[in-house]
Visitor: 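Pasting in a structure now, in structure tokens, and then I'll have a few things to ask.
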Amino acid sequence: MPTSNSGRSGESRPEVQFDDMEQQRHAGLLGMWVFLLTELLLFGAIFASFAILRVRHGAVFAEAAGHLDLSLAAVNTALLLSSGLTMALAELSAGARLRRATIGWLQATMALGALFLAIKGFEWYSEFRHQLMPVLGLPFHYSSALAAPGEQPVAAVAELFFNLYFIATGLHAVHMLVGLGILAVMLALARRWRRPDRIDRQLRIAGLYWAFIDVVWIFIFTCFYLLRA
Amino acid sequence: MTNRTAVLCWLGLLALLAVTLLAGALDSSALRYSLHFLCAAAMAALVMLVFMRLYTSSPLLRLVAVGGVMWIALLILLTLADTLTRS
């Protein structure tokens, strides 16, 4: 009867509910994809809210986007895309059973992710200093050359933009932190290197999560930073 | 996925990032916004196909991924259609 213990060759045997390792690997990937779709719904609600408000208050949202630091966001985008590459290389190294390369690429991915968060933190601090952070009761002061759109003052509409911006980037940062935690666990497992085939399977699943964070950021970057006046 | 595919994908992503940043210099906001979203869609597709390995995945995984993207598109489009057509 198959068990979860590794065989004499060092390769794992499938869990009892699976016919073979390929079926088990496929089930793991499918489970992660289904989880990511629930995450997509979470971010989708934010993007849907943004789309409605962006269409209704186009001029104010475009002007408010101009207050965000596009240069820092572009650097951050390049860092995150590069971390996608290093994560893919870590997966490939684990697949080729290369311990040192796996560890090295995982460390590079974590360093790029941490740098992304540091730059994001600096950006938030800059927005806080300019009183553009309408969260937790912090003061919000916004001056505009635009005429009031209908009954709402411009500052109130701009505040909506910054509310959505901090919710979207904050939620993304939380996902980055979770991703870094997962990578830290994977790094510890890779250092021990007891079950390489298992590390390979787990890294594939962790890689899906990291790439998903990339995809979400691409749309945050496009919607909040690029759609400016 | 091979190391070469991964590096080529990364170069493609950086090129698309450069294109979307350069598009910011265009005068026409309609053209600019269209280019931004085209680049974003292309970047997301590259990440999903190569880094998430959808191009070599089983048909079931591809169906789940495409279904998810379709659902989120429906969510946004129908919500927009509802709110924007109210008098």
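Proteins get letters first, then strands, A, B, ... in listed order; numbering begins at 1 in each.
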Visitor: Measure the CZ-SG distance between B/Phe37 and A/Cys223 for me, rounded to the nearest 0.5 Å.
Guide: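 Nearest 0.5 Å value for the CZ-SG distance: 4.5 Å.
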Visitor: Examine whether an atom of A/Ser49 lies under 4.5 Å from a heavy atom of chain B, and if so say whether it belongs to the side chain, the backbone or both; otherwise answer neither.
Guide: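 Neither; nothing under 4.5 Å.
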Visitor: Hey, are the side chains of B/Ile72 and A/Leu37 touching, using non-hydrogen atoms and a 4.5 Å cut-off?
Guide: no
Visitor: Examine whether an atom of B/Val50 lies under 4.5 Å from a heavy atom of chain A, and if so say whether it belongs to the side chain, the backbone or both; otherwise answer neither.
Guide: neither
Visitor: Nearest heavy-atom pair of A/Arg56 and B/Thr83: which atoms, and what distance?
Guide: NH2-O, 3.6 Å
Visitor: Does any heavy atom of chain A fall under 4.5 Å from the side chain of B/Leu13, the backbone, both, or neither of them?
Guide: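 The answer is both parts of B/Leu13.
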Visitor: To the closest 0.5 Å, what do you measure between CG (A/Leu36) and CE (B/Met52)?
Guide: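 If we round to the nearest 0.5 Å, A/Leu36:CG and B/Met52:CE are 5.0 Å apart.
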Visitor: So what's closer than 4.5 Å to chain A heavy atoms on B/Leu54: side chain, backbone, both or neither?
Guide: side chain
Visitor: Which answer fits B/Thr2, side chain, backbone, both or neither, if we ask what part of it has an atom under 4.5 Å from a heavy atom of chain A?
Guide: backbone
Visitor: Do A/Arg228 and B/Tyr33 have side-chain N/O donor and acceptor atoms under 3.5 Å apart?
Guide: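 Result is no, nothing qualifies.
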Visitor: What residues of residues 22-31 of chain B make heavy-atom contacts with chain A at a cutoff under 4.5 angstrom?
Guide: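 Under the 4.5 Å heavy-atom cut-off, nothing qualifies.
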Visitor: Report yes if the side chains of A/Phe212 and B/Val47 come closer than 4.5 Å at any heavy-atom pair, otherwise no.
Guide: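 In short, these two side chains do not touch, never coming nearer than 4.5 Å.
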Visitor: Roughly how far, to the nearest 0.5 Å, is NE2 of B/His36 from CG of A/Leu227?
Guide: 6.5 Å
Visitor: Listed by chain and number, what are the salt bridge (Lys or Arg N to Asp or Glu O under 4.0 Å) partners of A/Arg204, not counting sequence neighbours?
Guide: A/Glu91
Visitor: I want to check something: taking the side chain as every heavy atom from C-beta on, are A/Leu85 and B/Phe51 in contact at a cut-off of under 4.5 Å?
Guide: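 They are in contact (side-chain heavy atoms under 4.5 Å apart), so the answer is yes.
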Visitor: Given a strict heavy-atom distance threshold of 4.5 Å, which part of A/Ala229 is in contact with chain B: side chain, backbone, both, or neither?
Guide: backbone
Visitor: Once you round to the nearest 0.5 Å, how far does CZ of A/Phe221 lie from CG of B/Leu17?
Guide: 5.5 Å
Visitor: For B/Ala44 versus A/Ile218, what's the shortest heavy-atom pair and its separation?
Guide: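 In terms of heavy atoms, the two residues are closest at N-CD1, 4.1 Å.
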Visitor: Any side-chain heavy-atom pair from B/Leu61 and A/Leu29 closer than 4.5 angstrom?
Guide: yes
Visitor: Is the closest side-chain heavy-atom distance between B/Arg53 and A/Leu208 below 4.5 Å?
Guide: no
